[in-house]
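Single-structure report; data block below.
Convention: sequence-line order gives letters A, B, ...; per-chain numbering from 1.
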There are 2 protein chains.
Amino acid sequence: MPPAPAPGRMGRPPRTSRVEIMAAARHLIDRDGWEKLTMRRLAAEVGTAPTTLYHHVRDKDDLLTQLLDDYADRMPRPAMPLDPRERVITAATVIRDTLAAWPWVVEVLTRDDQVGRAALWMVETVLAGAVECGCSPEQAVDLYRSIWYYTAGEILIRATRGRDRPDSSRPGSRDDRIRAVDAAELPHLAALADRWASLTSRDTYALGLRSLVDGFLQAL
Amino acid sequence: MPPAPAPGRMGRPPRTSRVEIMAAARHLIDRDGWEKLTMRRLAAEVGTAPTTLYHHVRDKDDLLTQLLDDYADRMPRPAMPLDPRERVITAATVIRDTLAAWPWVVEVLTRDDQVGRAALWMVETVLAGAVECGCSPEQAVDLYRSIWYYTAGEILIRATRGRDRPDSSRPGSRDDRIRAVDAAELPHLAALADRWASLTSRDTYALGLRSLVDGFLQAL
DNA sequence: ACCTGAACACCGTTCAAGT
DNA sequence: ACCTGAACACCGTTCAAGT
């Protein structure tokens with residue numbers, strides 16, 4: 001039995017709440033996959049009409065942003081090493097690991113280059129670490145952006161690779177193309193063709209990140 | 001008047017061709033924007049029924065892939081510097097500039113991590129340059145992947161930034177969030193809040209790329 | 001105040017039938 | 001062989017009406 005309207009708030013008591021919608025959205029994504037999240041399916045999951053959702057979120061984009069913010073709030077804030085360079089590395093790695101664990105975020109990431117207010121501490125950590133390493137504020141922003149490009153690219157590409165595994169044997173697929181290269185024209189590629197799939201499935205995020213940070217700081 | 005069927009090929013002569021469809025798709029994207037490219041609109045542009053398109057392409061994804069391949073074929077193949085490290089830099093920059101000029105490719109890029117057969121020369125150039133710089137074949141692949149992550153991320157984020165400029169003042173926008181940060185908790189971010197938009201709109205692709213490549217080769 | 005059905009303006013794709 | 005209309009199974013979103 002829903003409670004009677006509070007004195008100042010009148011009218012029909014709510015049967016659907018923002019948190020209920022968010023929980024249903026998370027459940028739907030985890031169960032059926034990110035691409036199955038539609039306003040209509042979400043409404044069915046909540047047990048309400050599609051149009052009801054628009055009383056609690058402005059539109060689908062708003063829903064996605066809120067979902068990402070909620071997720072970012074749960075991001076671990078690990079103990080930070082003393083060395084400023086290591087702090088930069090650690091912050092970037094936490095962001096990456098968090099986002100990689102829920103790859104649907106890529107869709108939202110490409111819509112807004114902000115990872116949510118909860119992730120701002122990571123930006124702060126990188127900026128602070130960079131300044132401690134001798135960067136000017138401008139250089140610190142440049143380093144942050146480079147790291148973010150690298151990280152976003154890694155997540156986006158990795159998330160897609162996982163998705164289209166099924167048809168990687170059909171003609172025109174990536175592996176297919178690599179195997180078909182002309183050894184005379186593209187010798188290095190041809191020599192690696194057989195090992196390409198296994199070489200590119202290794203996790204080299206940390207390696208590239210260290211290269212980027214070290215190279216940047218070295219050039220100061 | 002369409003020519004009569006050739007001896008071996010019989011039946012109704014084609015009124016729609018693959019190249020015609022591709023040209024129409026390019027025109028539609030250039031005129032109305034990438035997000036307006038649908039099979040139905042494309043058919044209208046060609047002057048045929050939507051269903052006819054499926055005689056010339058397998059599905060929309062196939063259309064996109066062909067479009068990207070055609071575009072990659074037009075990519076300039078600039079004179080390559082003698083220094084192997086500079087060749088790596090040049091190849092990556094050409095890819096980036098080419099893709100940035102037609103940002104819709106981002107959609108296809110996240111679907112398949114291959115830029116099309118015409119871009120394979122870039123992969124080859126990076127691998128060859130890396131090996132000349134002292135990399136093992138495996139390390140060359142690692143460097144290539146790092147560069148590609150960084151490049152793809154830059155293009156994807158940059159393309160999106162341009163798209164949602166209109167509503168960058170509405171509540172919840174990126175700029176809004178940066179301005180609202182707590183100076184006590186996030187001092188570096190707060191100090192840069194006013195300059196954030198201008199600092200992050202500068203083109204720092206080359207800077208990050210050089211850092212990445214230099215840092216990687218230094219660590220060998 | 002909150003919820004709903006009906007409707008609008010779209011999608012990609014299939015398939016049997018026409019020329 | 002090529003093209004088509006009709007249809008299927010969807011989308012996000014608005015809006016007037018109901019409780």
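A donor-acceptor contact closer than 3.5 angstrom links the side chains of Tyr205(B) and Thr151(B). In this structure, a donor-acceptor pair under 3.5 Å is present between the side chains of Gln66(A) and Asp62(A).
Annotation: salt bridge (Lys or Arg N to Asp or Glu O under 4.0 Å) contacts of Glu138(B) (sequence neighbours excluded): Arg195(A).
Remark: the backbone N or O of Arg31(B) is not paired with any side-chain donor or acceptor of Lys36(B) at under 3.5 angstrom.
Atom pair Asp62(A):CG and dG12(D):P shows a separation of 14 Å (rounding to whole Å applied). Taking atom OH on Tyr54(A) and atom P on dG12(D), their separation rounds to 6 Å, with Å as the unit. Distance CZ (Arg15(B)) to P (dA1(D)): 18 Å, rounded to an integer number of Å. To the nearest angstrom, C1' of dC3(C) lies 13 Å from CD of Glu20(A).
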Hey, what are the protein-to-nucleotides 16-19 of chain D N/O distances that come in under 3.5 Å?
unit_1	atom_1	unit_2	atom_2	d
dG18(D)	N2	Arg12(A)	NH1	2.7

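Between the C1' atoms of dC11(C) and dC8(D), the separation comes to 12 Å (whole Å).
OP1 or OP2 of dC2(D) has not a single side-chain nitrogen or oxygen of His56(B) nearer than 4.0 Å. For the pair Thr48(B) and dT4(D), the criterion of a side-chain N or O lying under 4.0 Å from OP1 or OP2 is met.
Put simply, the side chain of Arg40(B) reaches to within 4.5 Å of the side chain of Pro50(B), judged on heavy atoms. Contact of the Met22(B) side chain with the Tyr71(B) side chain is not registered, since no non-hydrogen atoms from C-beta on lie closer than 4.5 Å. Inter-residue side-chain proximity for Leu67(A) and Trp104(A) is flagged as met; some heavy-atom pair is nearer than 4.5 Å.
The ring pair (Phe, Tyr, Trp, His ring centres under 6.0 Å) analysis of residues 48-69 of chain B, with sequence neighbours excluded, yields no pairs.
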Quick one: what's the B/S/- string for nucleotides 6-11 of chain D, heavy-atom cutoff under 4.0 Å, read 5' to 3'?
BB---B
Kindly determine whether Met80(B) and Thr90(B) satisfy side chain to side chain contact (heavy atoms under 4.5 Å, CB included), including the steps that lead there.
CA-CA 7 Å; Met80(B) 279 294 161; Thr90(B) 302; 4.0 Å; yes
Which pairs of donor and acceptor atoms, one on a side chain in residues 180-191 of chain A, lie under 3.5 Å apart (sequence neighbours left out)?
unit_1	atom_1	unit_2	atom_2	d
Asp182(A)	OD1	Ala184(A)	N	3.0
His188(A)	ND1	Glu124(B)	OE2	3.0

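The CZ atom of Arg26(B) lies 11.5 Å from the CG atom of Leu42(B); values are rounded to the nearest 0.5 Å.
Both key distances under 3.5 Å define a Watson-Crick or G-U pair, and stretches of 3 or more such consecutive pairs in DNA chain D run C:4-8 with D:12-16, C:12-16 with D:4-8.
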